[in-house]
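See below for the structure under consideration.
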Amino acid sequence: MKDWIKPEYRRIYAAVAAIPPGRVASYGEIAARAGLPGRARLAGRALSETPKGFDLPWHRIVRADGRLACMRGQREQARRLRAEGVDVRNGRVRIIAHGLHHDLDREIWGSGC
DNA sequence: CGTCTGACTAGTA
DNA sequence: TTACTAGCCAGAC
């Protein structure tokens, strides 16, 4: 079993684990938060090789345009996201509402424009 | 070494 | 909206 994980991978896993339930983040966003800007593919690779023992919310990672990653568990990903209250329609989520950049709560409860 | 692949992204048409 | 491009970079061969 793999014991030594690259520091970059560990930071990526940490960034993924930091995503709150009901929110989603893109691969690029994860990479940036891990101190690896512009390396979205690395985030994807890291996630595809998540070692056992890392119980990460992988379903909260989507592509930059909101579409779910074209992978084996796309359906499972949609199911888990919906279970967290994320609106998934036709294989994509609304980044505007669930992305980390946007604070939905503030929009609802704030003073508006 | 070179080449291909991929859970990616931003830009252009 | 989709399709294609260049840029990206770690593994596998």
Side-chain angles (χ1 to χ4, degrees):
Chain A
M1 136 180 184
K2 289 184 178 178
D3 314 296
W4 297 109
I5 303 168
K6 283 189 168 188
E8 292 93 331
Y9 284 30
R10 281 190 176 281
R11 288 204 294 276
I12 289 170
Y13 297 145
V16 172
I19 305 174
R23 291 297 181 80
V24 299
S26 71
Y27 293 89
E29 186 74 279
I30 290 302
R33 279 172 171 250
L36 305 164
R39 302 175 68 177
R41 306 189 81 153
L42 186 62
R45 173 169 291 285
L47 283 174
S48 70
E49 298 179 11
T50 305
K52 286 184 176 181
F54 282 70
D55 191 17
L56 299 174
W58 56 270
H59 54 284
R60 294 182 194 140
I61 313 301
V62 300
R63 285 167 49 163
D65 59 4
R67 276 189 282 194
L68 305 189
C70 306
M71 42 171 287
R72 337 187 270 289
Q74 184 174 38
R75 195 164 168 72
E76 173 66 9
Q77 183 174 19
R79 192 185 68 75
R80 293 194 184 206
L81 286 173
R82 276 192 273 257
E84 292 185 349
V86 175
D87 185 14
V88 183
R89 300 200 163 203
N90 199 345
R92 84 166 51 176
V93 304
R94 296 189 305 166
I95 293 291
I96 301 287
H98 301 290
L100 296 177
H101 283 314
H102 192 274
D103 194 324
L104 182 62
D105 301 311
R106 184 177 303 172
E107 181 184 69
I108 294 175
W109 302 108
S111 55
C113 292

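These numbers come from a predicted model, not from an experiment.
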**Dot-bracket line, read 5' to 3' along DNA chain C, where crossing pairs take [ ] and | marks a partner on another strand, Watson-Crick or G-U under 3.5 Å** = .||||||.|||||
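- The pair A/R39-A/E8 fails the salt-bridge criterion, with no side-chain N (NZ, NE, NH1 or NH2) lying under 4.0 Å from an Asp/Glu carboxylate O.
- Atoms CD (A/E49) and P (B/dT5) sit 18 Å apart, rounded to a whole Å.
- Closest non-hydrogen pair, A/V16 versus A/P57, comes out as O-CG, 3.5 Å.
- Taking atom CH2 of residue A/W4 and atom P of nucleotide C/dA10, one finds them 21 Å apart after rounding to whole Å.
- Under a 3.5 Å cut-off, the side chain of A/H98 and the backbone N or O of A/G22 do form a donor-acceptor pair.
- For A/S26 and B/dC8, the shortest distance from a side-chain N or O to OP1 or OP2 is not below 4.0 Å.
- Here A/R45 lies in heavy-atom contact (under 4.0 Å) with a base.
- Note: CG (A/L42) to P (C/dC9) measures 9 Å, nearest angstrom.
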**Request:** Quick one, give me the B/S/- string for nucleotides 2-7 of chain C, reading 5' to 3', where B means a protein heavy atom under 4.0 Å from the base and S means that only happens at the primed atoms, P, OP1 or OP2.
**Result:** -----B
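- A straight line from CD of A/E8 to P of C/dA10 spans 8 Å, rounded to a whole angstrom.
- Regarding A/D65, its CG atom lies at a distance of 13 Å from the C1' atom of B/dA7, rounded to whole Å.
- A salt bridge does not link A/E84 with A/R80: none of the charged nitrogens is closer than 4.0 Å to a carboxylate oxygen.
- We find that NZ of A/K6 is positioned 6 Å from P of C/dA10, with the value rounded to whole Å.
- In this structure, A/N90 places its CG atom 10 Å from P of C/dT1, rounding to the nearest Å.
- Using a 4.0 Å heavy-atom cutoff across all strands shown, A/L47 reaches at least one base atom of the nucleic acid.
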**Request:** Take A/F54 and A/R10 through the test side-chain contact (heavy atoms from CB on, under 4.5 Å) and record every step on the way to the result.
**Result:** CA-CA 10 Å; A/F54 282 70; A/R10 281 190 176 281; 3.9 Å; yes
**Derivation and outcome, side-chain contact (heavy atoms from CB on, under 4.5 Å), residues A/V62 and A/Q77** = CA-CA 9 Å; A/V62 300; A/Q77 183 174 19; 4.0 Å; yes
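- Of all heavy-atom pairs between A/R63 and A/I95, the closest is O-CD1, 4.4 Å.
- Qualifying side-chain hydrogen bond (donor to acceptor under 3.5 Å, both in side chains) partners for A/D65, counting only residues two or more places apart in sequence or in other chains: A/R67.
- As rounded to the nearest Å, C/dG7 and B/dA7 have P atoms that lie 22 Å from one another.
- Between the side chain of A/R82 and the backbone N or O of A/V88, at least one donor-acceptor pair lies under 3.5 Å.
- For the pair A/Y9 OH and B/dA7 P, the interatomic distance rounds to 13 Å; values are reported in whole Å.
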